[in-house]
Amino acid sequence: MKSQDIRNTFLNFFEEKKHSIVPSAPMVLKDDPTLMFVNSGMAPFKEFFLGNAQPKNNRLADTQKCLRVSGKHNDLEEVGYDTYHHTLFEMLGNWSFGDYFKKEAIAWAWELLTEKFEIDKDILYVTVFEGSNDDDKLPMDQEAYDFWKALIPEDRILMGNKKDNFWEMGDQGPCGPCSEIHVDIRSAEEKAKVDGKTLVNMDHPQVVEIWNLVFMQYNRKANGSLENLPDKHIDTGMGFERLCMVLQGVQSNYDTDVFTPIIREIETITDKDYGKNEKVDVAIRVISDHVRAVAFSIADGQLPSNTGAGYVIRRILRRAVRYGFTFLDKKEPFIYRLVDVLVNKMGKAFPELKEQRQLIENVIKEEENSFLRTLDQGLLLLDRIITHSNSKEISGNKVFELKDTYGFPEDLTDLILRENGFTYNHDQFNKKLKEQQERGKKASQLKSDDWTVLIDDEEQEFIGYDTLEAQVKITKYRKVTSKKDGEQYQLVFNITPFYAEGGGQVGDKGYLEDAHGDVVYIIDTKRENNVVIHFAKNLPKHINDTLKASVDTKQRYRTECNHTATHLLHQALREVLGTHVEQKGSAVHSKYLRFDFSHFSKLTVEELRDVESFVNRRIEGKLPLKEQRNIPMQKAIDEGAMALFGEKYGDTVRTVRFGQSIELCGGTHVKNTGDIWHFKIVSESAVAAGIRRIEAITSDAVKDFYFENNRAYFEMKDLLNNAKEPVKALQSLQDENTSLKKQVDTLLKEKAKSIKGDLKSELSEVNGVKFLAKKLDLDAAGIKDVCFELGSQFDDLFLLFGAEHNGKAILSCYISKELVASKDLNAGTIVRELGKYIQGGGGGQPFFATAGGKHPNGIDEALNVAIDYIK
Ligand code: ATP
Ligand code: MG
């Protein structure tokens, strides 16, 4: 069965069982502070399990893109070495929210595997939670056991411990026992030798878990205790690629048709064969896996970058480049060339891949290029370290610096050092690495108390589209502590006018006030699993009272101007540049807006002007806001709203329209474009290959901008003696400056020439060396000139020159190459040592080196001791 059909069979099976099929959610999570990427099918449904939102149907089924490369589930280092863990994989799942429970979940899983997919019952094992004797004192899952017993011989039902068979969402929240289904796909001889039962959960590559059925029946409270959930839920996850391996009768996920087309392409491009050499095979598996993870992330709007989720993606891609570089001898970009095959294979099930193909290729190619340059540079640095080292063991600090500052990976350093007969101090390296990780951990560590619930079961309502002030009650609160922000309180209200950070727009600020006039400031507002959380430095005194909640109106107004302008800008770009322009990210602050979009060249001055005036015409046109709340997604699309890749939409959406521009948007906007007053682009730049960024300002910020520019203009004019045409005046100043610089240069060169003649006569003979240490009135280039000029006339020179230039000290040392060898002298070492006299440092080559420092008074002393080096 082809993988495409396997996926469809799964979905159709559950559709027949009254499940609604939903598309995979984007992989990058936006409103879950505990998780960066979706790492299981359950993550996008968290808000349903927590009771913060209602699904459209209490039975759903899907295939979810998952990424296990950070946090609790991190399989990255396994990938390539084993045959059944991936970074990105699809998790097939069926879901019950307070509907069916263990009986149906177990029966249907069995029916699907053994009847629909016709998997031989004799290769399947299932596990059941055995109970626990710890504080929880949980009973064995007898219910599940009994349901399984009706389907499978008892000797194939295995007991599992809490680690494998009890699932928890996190420290708090829904949890429950689970049953896993394992397959044994070994050959008959192997099976005869070792009983499959003993290999379950033992990391055997052919006895693997394929499906996990989780029975959510408890809620873990903050104090660690468990209570029964009022509504019980089913959460199942089956690894799609592993299922394909079983159904296609192969022994490795990489031998399924999910991967073989990519692997064939890698073989063609690199002229290597898969299956002949273990190192090559690992590299091929790594690359075929990683290209998927990176391509899907880019399609979801997550570009490689230096921070957060973007950094994780960059590291995955770099791991692939490294394996290609080291084991497949690929020193030029090639991974981007695999995108084509991937899109052909997966584009149907995941249309975002197809639509973004060009962008994905460009971004990957650019990343490959830049990392290959890094590798080149690192190789040079490493080469230098090797040639200059006087021990066969390199310091671990140096290796760490290579990794940390230059992005040069440790394993590659290790390999190259070993090839050259060197090693490095691993303890030192690991210590440095650990220190760095600890620092990172500490900065991000967040400790949160349990929620104190004041009013139970209140559904929260957001009223901030219509009003900025409301009488509210606090329904629950908790204290959170982090290194970065210190102690903060998180407050949840029954209703709130505060907009929570989302869709690029910053969260509202404002305050709470009680009847006695006591005020608590709200410093930020964020959304967590569909609940609006207000952040405050302290708790209101009268926490049970009704409080007046007021949003900071000025900040909100400025933010709204920028948000509406962002929509107009998007429209303007599509109008001026073409419909290939797609939003790739946006940040809407009160002071400015930032908009990233796909486009392949720098915008010309004319284009920028056209974009700006397009927006300003619509501001002058005073277009009213027309919004629709809670309309079906399809209706919004039919009306012309565009859904963004990587954005998660509900079944009903809100649309925002100004004139022709209609967008799906949950943000807040001005009531009329006229409120924005004016729009001004302040910068246009590149973010990545094929992605441009515009930063712009509106309303008050534009006034400030013009005011500041005007002031600067008049100051400049003043400095130019009130010239009538300041630009011309400045130009002539610059011209004059250039010609003066040239004259100075010529003068200095002439001076150097005449000095050289004098210096020759000043050389003295010390120990068979022609020696001179002297202060010169020249700049660094002039001194170098003198050294090389004299150097060309003698082969037994030792020169040390000092100079003072713009209040800084320079020391330059020149030693004839013959002396470097015969007397074991090194100009680099010498200037570094003498650098201490001028409070500075430097380096260079053994025959010529320069140091700079901030203490010119030390020059004479340095010159005085120079003679010691040849004595
Ligand atoms: P394993 O012990 O094999 O790592 P797991 O216990 O981490 O699996 P779950 O978290 O229960 O797996 O995920 C549900 C299913 O998803 C698994 O049964 C398996 O089929 C699949 N799966 C889990 N991790 C991966 C991965 N890294 N690559 C591919 N499939 C995976
Ligand atoms: Mg795992």
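We count ligands from 1, going down the list as the structure has it; atoms in each ligand are counted the same way. Hydrogens, waters and symmetry mates are skipped; everything else that's a heavy atom, side chains included, is used. Model, not experiment: these values are computed from the prediction.
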- What atoms of ligand 1 come closer than 4.0 angstrom to any heavy atom of Asp75? 24 (N), 26 (C), 27 (N)
- Message: With a heavy-atom distance limit of 4.0 Å, tell me whether Glu78 approaches ligand 1 through its side chain, its backbone, both, or neither.
- Response: neither
- For Asn212, the atoms of ligand 1 under 4.0 Å from one of its heavy atoms are 11 (O)
- Hey, mind stepping through Tyr100 and Trp108 against ring pair (Phe, Tyr, Trp, His ring centres under 6.0 Å) and telling me if it holds? CA-CA 11 Å; Tyr100 64 84; Trp108 290 342; 4.8 Å; yes
- Side-chain ion pair, Lys345 and Asp257, N-O less than 4.0 Å: yes
- Query: Are any of the heavy atoms in Ile210 under 4.0 Å away from ligand 1?
  - Reply: yes
- Task: Could you tell me whether Asp281 and Lys276 make a salt bridge, using a distance below 4.0 angstrom between a side-chain N and a carboxylate O?
- Result: no
- Message: Tell me the contacting part of Arg242 for ligand 1: side chain, backbone, both, or neither, using a 4.0 Å heavy-atom threshold, strictly below.
- Response: side chain
- Item | Protein contact of atom 31 (C) of ligand 1 - nearest heavy atom, named by residue and atom, plus distance | Phe89 CE1, 3.4 Å
- Answer yes or no: is there an ion pair linking Glu168 with Arg220, defined by an N-O contact shorter than 4.0 Å? yes
- Quick one: does ligand 1 sit under 4.0 Å from the side chain of Arg68, the backbone, both or neither, non-hydrogen atoms only? side chain
- Item | Plane angle bin for Phe327 and Tyr323 - parallel if under 30°, tilted between 30 and 60°, otherwise perpendicular | tilted
- Look at ligand 1 and say whether Trp167 reaches it with a heavy atom at a distance under 4.0 Å. no
- Item | Minimum-distance protein heavy atom relative to atom 15 (C) of ligand 1 | Gly237 O, 3.6 Å
- Query: So which protein heavy atom does atom 28 (N) of ligand 1 come closest to, and at what separation?
  - Reply: His86 N, 2.8 Å
- Message: Given 3.5 Å as the limit, does a donor-acceptor pair link the side chain of Asp289 with the main chain of Thr87, or not?
- Response: yes
- Heavy-atom nearest neighbour in the protein, as seen from atom 21 (C) of ligand 1, with distance rounded to 0.1 Å: Gly239 CA, 3.6 Å
- Message: Students should be able to answer this: which protein heavy-atom is nearest to atom 18 (O) of ligand 1, and at what distance?
- Response: Glu209 OE2, 2.7 Å
- Is the shortest distance from a Lys or Arg side-chain nitrogen in Arg7 or Glu90 to a carboxylate oxygen in the other one below 4.0 Å? yes
- Between Asp235 and Trp167, a side-chain donor and acceptor under 3.5 Å: no
